[in-house]
Amino acid sequence: MPKLLGTIIRNLFSKPATVNYPFEASPLVEGTRGSISFNMDRCDQCQDCERVCPSAAIKVYPDDKKIEWDQFKCIYCHLCVETCMHKAITALDHVQSPDYKKSVTVFES
Amino acid sequence: MSKQTKGNKLTVFPYGPQHPVLPEPIQLKFVVDEEKIVDVLPNIGYVHRGIERAIELNDYRRNIYICERICGICNFMHGMAYTETIEKLTDTVVPVRASYLRTIWAELARLQSHMLWLGLFAESIGFESLFMQIWKIREIVLDLNERTGGHRIHLSTNRIGGVGKDMDANLISTYFKQLDKLQKNYDPIANLFHKDAAFKEKTQNIGILPKKIANHLGAVGPVIRGSGIPQDMRTTGYEAYGELDFKPITYDSEDVYARALVRVDETYQSMEIMRQALKQMPDGPILNKNEKFPEGTAIVRVEQPRGECFYYGIGNGTIHLERCKIRTPTMPNIPPLLHMLVGYEVADINPIVHSIDPCISCTERITYVNKEDA
Amino acid sequence: MAIYGQTLVALTVGLPVVSGLASLVLPGKTIRSVLVSVTALVLIGSSVSLLGISEFTYNPGHIYETAVLVLDFALLFYFLYVGMKSKSLPVIGLSLLQLVPVAYFEFVLHGVKVENILLVDRLSVFLVLIVNVVGSVVVVYALSYMEEHEHHLQLKESRQGRFFFFMLLLLGAMNGMVYSNSLYWLYFFWEITSLCCYELIRHDGTAEANTNAVTALWMALIGGVAFIGTMFVGYYTVGSIALTKIMTAQLTPILLVGFAFLALAAFSKSAQFPFHSWLLGAMVAPTPVSALLHSSTMVNAGIYLILRIAPALKGTYLSLVIAAVGAVTFTLTAILAIRQKVSKRVLAFSTIGNLGLIIMCAGINTSLSYTAAVILLFFHSISKGLLFMGAGVVENRINSRNIEDWEGLIGKLPFTTTVMLVGMATMFLPPFGMLLGKWVAVDAIISTPLAFALPIIILICIGSAATTFFWGKWLGYLTVTPMTAQKQVKETLPTPYRFAMMGLLAVSIVFSAGAPYIINNFVNPLIGEAYKLSVTSTLMEVNTGIGSFLVGPFWIATVAMVLLGVMITKKKGGVIVPAYLGGENVPEKPLMFFTTADGEAEASVSTVMLQSEIDEASLNKFAVIIGVLLIIVMFLVEVI
Amino acid sequence: MALNTSTIISIVFLAAMPFLGGILMGVDRRLTARMQNRMGPPLIQPFYDVLKLWAKEPYIANNIQPLMAFMYLGFAMLAASFVAFQLDLLLMLFTTALADICLIVAAFSAKSPYSYIGGRREFLVMLSYEPVLLLVEIAISLVTGTFIIKGIRAYETPLLLLLPAAYVVMQVVLVVEMKKSPFDVSGSAHAHQELVRGVYTEFSGYTMALVEVGHWVKVVTMLAIVGLFWAPNPFIGTALALALFVGAILIDNVYPRLSWQRMLKTTWTIGFGLVIVNLLALSFGGVI
Amino acid sequence: MGLIQKSQLKSPWVLHFDCGSCNGCDIEILAALTPKFDLERFGIVNIGDPKQADVLLVTGPANKRNHRVLKNLYNQMPQPKLVIAVGTCACTGGVFHNCPNVLGGVDNVVPVDVYVPGCAVRPEQIIDAVVLALNKLAGLAQSEEEE
């Protein structure tokens, strides 16, 4: 007797395990590493985040007090969040959504 | 080859780099007589990115992340091996709790990887519903991953000198609960792997790798354990493994079936090790920062899900490593794979190729020699 | 009317002999071509004319009887000479086994006297039609083939005179054989076909050809010995060696032994197990010989004999054993054919198998199965002639008999390959005649008692699937063409080739489509002589009472489908893209892919032969053993 | 031919066959998904697939391939029409073989190793199910005395009661015919295998659509034959056919793909063994 | 015409090619097919044969070795076709941006329709991306009709 038969028949008569995602929300786990956001009021343009970023996704322009964050280059490791001494970078738990074009988020004070 | 097949016209075809059964690009050029494999020639390098060179170019502290992305499946172990290398080069002592955490997460990664493999293997032998079933259960492991490190795949919790995240009592009890749930769901599947007649027929007596040849060709991990050699780097006692009770799992039948069973049993073993470690884990600090630059040479060997992974680092007292050589487990398993394939049928290609659990993105780094330095 | 018939009989037997002798004597290519072509035309014409004639008997006269007697002894002494020359004990022994009894029979018993020496009935006429139409086409085809063949062998002196002499003699002997009512005459013509066969197989004179020719000869001589056995049985039980007398006599065990001898002779001629090796060995001869032996002459002699005696054996165990031999042969050859590499060997196995099927049908011996046998015989001759001719052309063009070299032939020789493809399709696919025959055969089997039918049903199921397999994979292999949009290659062929192949192709298709007509007008009258009619066919349909084959609608649907398909695919069109090779295609080279170190390798495909699954040597041994056993059983069943 | 009611019903049935097949394939995918604890695609997903394929840019392998793909569908429909018009069962089988040959020639002609090996396996598929199906059909006509479906339907005793083993054999045949595990060696609908898409590898766009519809028709034809096992009541016959259909899906989900050697062995031993035993039993029972 | 357009939106068959990623995105693509996410709800089938695929899912950065494979696969897909760059590496090269053998994002080799950031991407993002891509296809088909 094939060993999977029981499981298969049980599956057939039970509710699918599927989360009908775009039509119902996917349950988010606490502490998910998602996008980041810069609080320019706290930032003192020390460029630590730019230095530690493994994928060089953050560009700090100290003169213009401007930070460019390339969300299509970021690997969402949140090392910058850990590193920032002024807690100027906020970790968000929603993930970046796909897009037709690559774009860069600019934070200005 | 038997006399009869001599002088026949042969079929030649490429298996990969794009092939639905292989998630990753590797090409095997097959020469088959009707359906019997006569010759096979590997062609690797499709995923070569030059990571070792990049490691030498980067700030050594940033490399954890690039090492983790050598392979998304054993990412934690790559990060761990790299940090261990740097820790040896900088004489950093890792806190006990951190080494326990690393052990737990390493086993979690093994669990994830073996479940992934069992699913992929099921799909490779045309057993789609088993694949779905295993991957459904695997979501529990990914959930634990996400609760721990904030991501389903990449934990990214290794830091030089320890780990970056701790586990509170709540999370630990979740671990126990989820592990029990996982085991309960996993039992019928393990039962299938051990007892199902059709599964046995598909996997037994193919891809035979005799003990002697396995040793001779330097197979590692479940491949060599499936040939009856109890070779397991965890027995060297790195991190917290020395304090835990486990024995390498071996099977003697030397075929694809043995390799599958090694992995099936290792999932149980991983769960057991995790439970032990979670119980024994002492309180204490998790990170021991050390600002020294790496100097000297260091060798680290860890047991990844696919076998022994080897890190060799040379530091020269600067922020850059002089040299970092990584030998991942799939590389030594390719020569045994070629040995396993010849003489079997086209229908056996999938299970045999999958039986070494190829992780091509691990494999593909070639030695890069800087001319000016050399 | 009788005179007209007698003239046609004389023409069909005498003309080939005369023009054969002429071609032996007269030099020159043109004369020979004209001679052969005219003979072919006359033969076709007279065999068609014979169709209009009802049954009649004919005694050629004393002089001919004496001539036959003298020639027969000459023939036997020649065989003895051949045996001594080639130091072949079987040939010597079997020749002596004939010489002594025949001498005794003739000079002591004076047993060869028969009232009606020749008898022309429906079956003879039908056979004559097959022999002469297909045979003549093959002989015409041989005109071109032998030119190329001798050019290829770089012969200094042409041996074509000799070749065409024996080819034509074979046709004449075949015609004479099917007319014969006297067993002695039948035996005489039988031996002439053996002679022709022997001489034609060793035509090229190589060592292999000589060995195989001798093998063919001694196997054929077994048939001769068996004939003599029947003659003695006939003489002692019925008092006559006229077939008509023997067949209408009360069946006694001794008489059945006589029939068993005839069946044995038929098996040896039709290459049934265990006698199949001679037909495979005959492949060394030039292809027209194979075409002639396999399609219309030689092997059909055995079939003719079985068909001739079948009505007398209705309901006997002997008949069942005959069916068993046929069924076993059909199944095993179909399996063996799968793994053959040499094109002509595949065809040979197919021939043996189909003859087995026909013999099986004759052995089942109901009205329906007899119909199936006749239909199969008819369409098999045409298709097999066509296929051998195609194979011959291909062989001369690509200098290989190995079907592995036939890959993608449709790109190189579009005309011949198309002929071959259709020819293969006629062998095993609906709506062609062979399949119609097989379909009737299946219907026939299920209308027989189960205890007997069951083993045959199983053999047929396996055999027909294997047949589909080996034809299909070969057919498919010819179409394996590279992915480039290539220019249409023009194929130039000599006229005889074109005429012969197109002619037989047309005959095959037209007769397949007109199968109901054929059955109504030629097959049914023939059946009616011995059985109750069971197949009714209207213009569109063949109905066996168990099933109905809608020949007309099927053809209409098929033709409509092809037209519609061509229309739709033309309209849709398409861009030709290279094959899927894992994404590593080399640009501009459709079958190459990049491999290790960026080297280029060619993707290739092999044929399907299941060589590791089918063990030819042991299957062959098994076939011989089971064949011998069945023949022993065949002689034992009379006692029961 | 006069248009009477039964002819019209036959024509309607024939025309509905591809649609029935499509719906059945949809049911198949939905059921498979549910057995794997998923939601699965909409029921009419197969029609979306085929329409999409039809509208795709036409890529072909060579000039023979599209015609052969069309002929595959055409002969599958012709075989189906033998069932729809209640004609000869035996001829239907031969026509199915013809359709298969067309598919294989299309696959062979592409000269791509994957589709070639797929075609080779398709031959083995034919070799394994054809003799068995032929035997089942012969068994049916041994009982009913005719090969004509009309005559078989007129037979009063339900065939299932006389030929229960043949019904079981049809399950094996159906699994092979539907290209389901464990016997999806030549190319399965959507599962991955060592041959990429096997016999379907080189089809693309409208040629694939034609082949797909042809496959539906073949499956429905086969199910219609299963329906003959309870001819007196068409509803029970349909239920029998659907039972085997669901059975095939169930088998698909509990078995891995086995080798073609195993396929041949299984179909031949089960097929020949069971049918012969059944026939012998009937023979001793005095039914035939 | 409406019916065919709807079918195109309802039945995107995908071809997955790993261009040199770390496997993270690959396994997430596979995970998206499994019961919890079940891409087949949208008619998505991982077909594995470029000749029958509509959507090319590329993971990982293009490198000097495999760009020709990617190009080839793209060329073997019949129109209409979509390319989705799955993962940060496929978009820009990500963490491998300074590796010596890497060319950067896959848009250096084939035109990309939808970019999915994330390392590794989550199955939900893949679903979002496919929905986005199909919207684009719908827009495309409409504009063709207007012409």
Side-chain angles (χ1 to χ4, degrees), chain C residues 407-408 410 429-430 435 438-439 442-443 445-447 450-451 453-454 457-458 460-462 464-466 468-469 472-473 475-477 479-483 485 545-550 554 557-558 561-562 564-566 568-569 572-577 579-582 591 603-605 608 613, chain D residues 57-64 66-67 70-71 74-75 78 81 87-91 94-95 97-98 101 104-105 107-117 119-120 123 126-127 130-132 134-135 138 141-142 145-148 196 201-202 204-207 261 272 276 279-280 283 288:
Chain C
E407 180 193 312
I410 198 160
L429 286 179
L435 192 104
K438 244 177 243 176
W439 174 83
V442 175
D443 281 6
I445 296 168
I446 73 146
S447 54
L450 183 71
L454 197 56
I457 287 173
I458 290 156
I460 285 289
C461 287
I462 295 172
S464 58
T468 315
F469 187 89
K473 58 124 182 170
L475 188 152
Y477 199 59
T479 65
V480 176
T481 40
M483 297 260 190
I546 293 163
S548 85
F549 194 125
L550 295 168
F554 205 120
T558 309
M561 215 175 313
V562 173
L564 195 67
V566 169
I568 287 180
T569 47
K572 269 275 180 186
V575 189
I576 293 181
V577 282
Y580 169 81
L581 291 171
L591 288 169
S604 67
V605 295
V608 186
E613 279 77 16
Chain D
E57 185 185 3
Y59 273 13
I60 56 174
N62 54 37
N63 298 323
I64 307 170
L67 181 63
F70 184 84
M71 301 279 274
F75 284 119
L78 190 60
S81 71
L87 299 170
D88 196 279
L89 203 53
L90 199 54
L91 203 51
F94 291 137
T95 317
L98 184 55
I101 297 269
I104 296 165
V105 168
F108 269 31
S109 71
K111 200 177 178 182
S112 145
Y114 285 110
S115 78
Y116 187 87
I117 300 178
R120 173 200 150 92
F123 265 130
M126 281 174 70
L127 189 61
E130 242 193 22
V132 176
L134 182 58
L135 190 61
I138 287 177
S141 67
L142 276 174
T146 177
F147 270 117
I148 296 170
V196 186
T201 307
E202 295 301 333
S204 153
Y206 74 96
T207 49
Q261 288 96 334
F272 285 111
I276 289 169
L279 284 177
L280 287 179
S283 177
I288 44 175

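Letters A, B, ... are given to chains in the order of the sequence lines, protein chains preceding strands, and every chain is numbered from 1.
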field: Greatest number of heavy atom pairs closer than 4.5 Å to chain D - which of Ala557(C), Gly545(C), Gly573(C)
entry: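 Winner by heavy-atom pair count: Gly573(C).
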Heavy-atom distance under 4.5 Å to chain D: side chain of [X], backbone, both or neither?
{"X": "Ile462(C)", "result": "both"}
{"X": "Leu454(C)", "result": "side chain"}
{"X": "Leu564(C)", "result": "both"}

Any idea which of [options] has the most non-hydrogen atom pairs under 4.5 angstrom with chain C?
{"options": "Thr207(D), Thr95(D), Ile104(D)", "value": "Thr95(D)"}
{"options": "Leu127(D), Ile64(D), Thr201(D)", "value": "Leu127(D)"}
{"options": "Glu130(D), Glu57(D), Arg120(D)", "value": "Arg120(D)"}

Contact part of [X] toward chain C, heavy-atom cut-off under 4.5 Å: side chain, backbone, both or neither?
{"X": "Phe272(D)", "result": "side chain"}
{"X": "Ile148(D)", "result": "both"}
{"X": "Phe147(D)", "result": "both"}
{"X": "Tyr206(D)", "result": "side chain"}
{"X": "Leu98(D)", "result": "both"}

query: Of Thr479(C), Val480(C), Ile410(C), which meets side-chain contact (heavy atoms from CB on, under 4.5 Å) against Ser109(D)?
result: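 Answer after filtering Thr479(C), Val480(C), Ile410(C): Thr479(C).
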- prompt: Once the angle between the rings of Tyr114(D) and Tyr580(C) is folded into 0 to 90°, is it parallel (under 30°), tilted (30 to 60°) or perpendicular (over 60°)?
  reply: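 Tilted.
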- request: Answer yes or no: is there a donor N or O on one side and an acceptor on the other, between the side chain of Thr146(D) and the main chain of Ile546(C), under 3.5 Å?
  value: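 Yes, the answer is positive, given that a donor and an acceptor are paired below the 3.5 Å cut-off.
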message: Looking at Asp88(D) and Phe549(C), would you say the former's side chain and the latter's main chain have a donor-acceptor pair under 3.5 Å?
response: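 Checking the backbone N and O of Phe549(C) against the side chain of Asp88(D), no donor-acceptor pair under 3.5 Å is found.
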message: Going by the rule side-chain contact (heavy atoms from CB on, under 4.5 Å), which residues pair with Thr558(C) if we only count those two or more places apart in sequence or in a different chain?
response: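 Counting only residues at least two positions away or on another chain, Thr558(C) forms a side-chain contact (heavy atoms from CB on, under 4.5 Å) with Pro431(C), Phe554(C), Phe75(D).
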